[in-house]
Amino acid sequence: MATEAPKATPITVSELSKYDGSDPSLPIYVAIKGDVFDVSKNTSSYGKGSGYNVFAGKDSSKALGKSSLKPEDCIGDYSDLTEKELETLNQWYTFFSKRYNIVGKVVPDN
């Protein structure tokens, strides 16, 4: 259960990529719709070599909306999703919101 108030700490795209589960000393982050969730407590799903690790270290909004595990779909731009896919994306967002803390917001690299 997420316990902390959402944080709006800016996290650049390249900074976010470091939190992909490959470095055990760093937390694992998954971003959805620009919000960065700390999913570290679920390494069995998001850690290196696990099924959903493809989402780690990036904003994977499009992939979640499309229910896709393709790395090329793991991007933050979800503007071309269908209405049904947007519904799916929003369900994922709600699911993450109830389980993980929001630790920041994705911002572009300068």
Side-chain angles (χ1 to χ4, degrees):
M1 193 76 189
T3 52
E4 297 172 22
K7 295 185 178 78
T9 310
I11 299 173
T12 65
V13 172
S14 35
E15 193 181 350
L16 179 62
S17 69
K18 296 175 193 159
Y19 299 93
D20 64 355
S22 57
D23 182 342
S25 71
L26 292 174
I28 303 171
Y29 292 165
V30 171
I32 304 173
K33 295 168 74 172
D35 287 333
V36 181
F37 293 88
D38 183 344
V39 299
S40 304
K41 66 182 180 185
N42 197 349
T43 54
S44 61
S45 293
Y46 301 101
K48 189 171 171 62
S50 66
Y52 296 126
N53 179 252
V54 68
F55 301 139
K58 54 185 86 83
D59 188 324
S60 295
S61 297
K62 182 175 183 174
L64 289 163
K66 293 173 81 63
S67 302
S68 168
L69 290 171
K70 294 180 187 159
E72 63 269 23
D73 286 334
C74 294
I75 57 173
D77 178 8
Y78 56 94
S79 59
D80 61 348
L81 292 183
T82 66
E83 204 163 311
K84 182 128 184 63
E85 289 168 340
L86 281 171
E87 242 173 73
T88 302
L89 175 58
N90 289 330
Q91 287 166 353
W92 275 114
Y93 186 90
T94 302
F95 173 88
F96 272 72
S97 300
K98 289 178 178 167
R99 285 161 186 79
Y100 307 111
N101 291 317
I102 294 175
V103 294
K105 294 250 183 229
V106 181
V107 295
D109 292 316
N110 291 350

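Only this structure's heavy atoms are used, side chains among them; waters, hydrogens and symmetry mates stay out.
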TODO: Ignoring hydrogens and angles, state whether a donor on the side chain of N101 or K7 is under 3.5 Å from an acceptor on the partner side chain.
DONE: no
Examine [X] and [Y] and state if one hydrophobic cluster contains both, with Ile, Leu, Val, Met, Phe, Trp and Tyr joined whenever side-chain heavy atoms are less than 4.5 Å apart.
{"X": "L81", "Y": "Y93", "answer": "yes"}
{"X": "V36", "Y": "V30", "answer": "no"}
{"X": "V54", "Y": "F96", "answer": "yes"}
{"X": "L26", "Y": "L16", "answer": "yes"}
{"X": "L86", "Y": "I32", "answer": "yes"}

Going by the rule side-chain hydrogen bond (donor to acceptor under 3.5 Å, both in side chains), which residues pair with [X] if we only count those two or more places apart in sequence or in a different chain?
{"X": "S61", "value": "D59"}
{"X": "N42", "value": "S44, S45, Y100"}
{"X": "K58", "value": "none"}

Can you sort out the partners of [X] under side chain to side chain contact (heavy atoms under 4.5 Å, CB included), two or more places apart, ordered by chain and number?
{"X": "P6", "value": "I102"}
{"X": "S67", "value": "T88"}
{"X": "N110", "value": "none"}
{"X": "K105", "value": "A8, D35"}

- [ ] Among residues two or more places apart or on two chains, list those pairs meeting ring pair (Phe, Tyr, Trp, His ring centres under 6.0 Å) that have a residue in residues 7-30.
- [x] Y19-Y29
Open item on the list: Show every ring pair (Phe, Tyr, Trp, His ring centres under 6.0 Å) that has at least one partner inside residues 56-86, sequence neighbours left out.
Closed with: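 Found none.
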Can you tell me which residue pairs pass the salt bridge (charged side-chain N to carboxylate O under 4.0 Å, His left out) test with a partner in [range], sequence neighbours excluded?
{"range": "residues 8-27", "value": "none"}
{"range": "residues 77-90", "value": "K62-D80, K66-E85"}
{"range": "residues 42-55", "value": "none"}

Kindly compute the distance separating [atom1] ([X]) from [atom2] ([Y]), expressed to the nearest 0.5 Å.
{"X": "D109", "Y": "T12", "atom1": "CG", "atom2": "OG1", "answer": "4.5 Å"}
{"X": "F95", "Y": "F37", "atom1": "CZ", "atom2": "CZ", "answer": "11.0 Å"}
{"X": "Y52", "Y": "L69", "atom1": "OH", "atom2": "CG", "answer": "6.5 Å"}
{"X": "I28", "Y": "Y46", "atom1": "CD1", "atom2": "OH", "answer": "10.0 Å"}

- [ ] Report yes if the side chains of T9 and V103 come closer than 4.5 Å at any heavy-atom pair, otherwise no.
- [x]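 SC-SC contact between T9 and V103 ruled out.
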TODO: Compare all side-chain heavy atoms of I11 with those of V106 and state whether any distance is below 4.5 angstrom.
DONE: no
TODO: For S40 and P27, indicate whether the former's side chain and the latter's backbone hold a donor-acceptor pair under 3.5 Å.
DONE: no
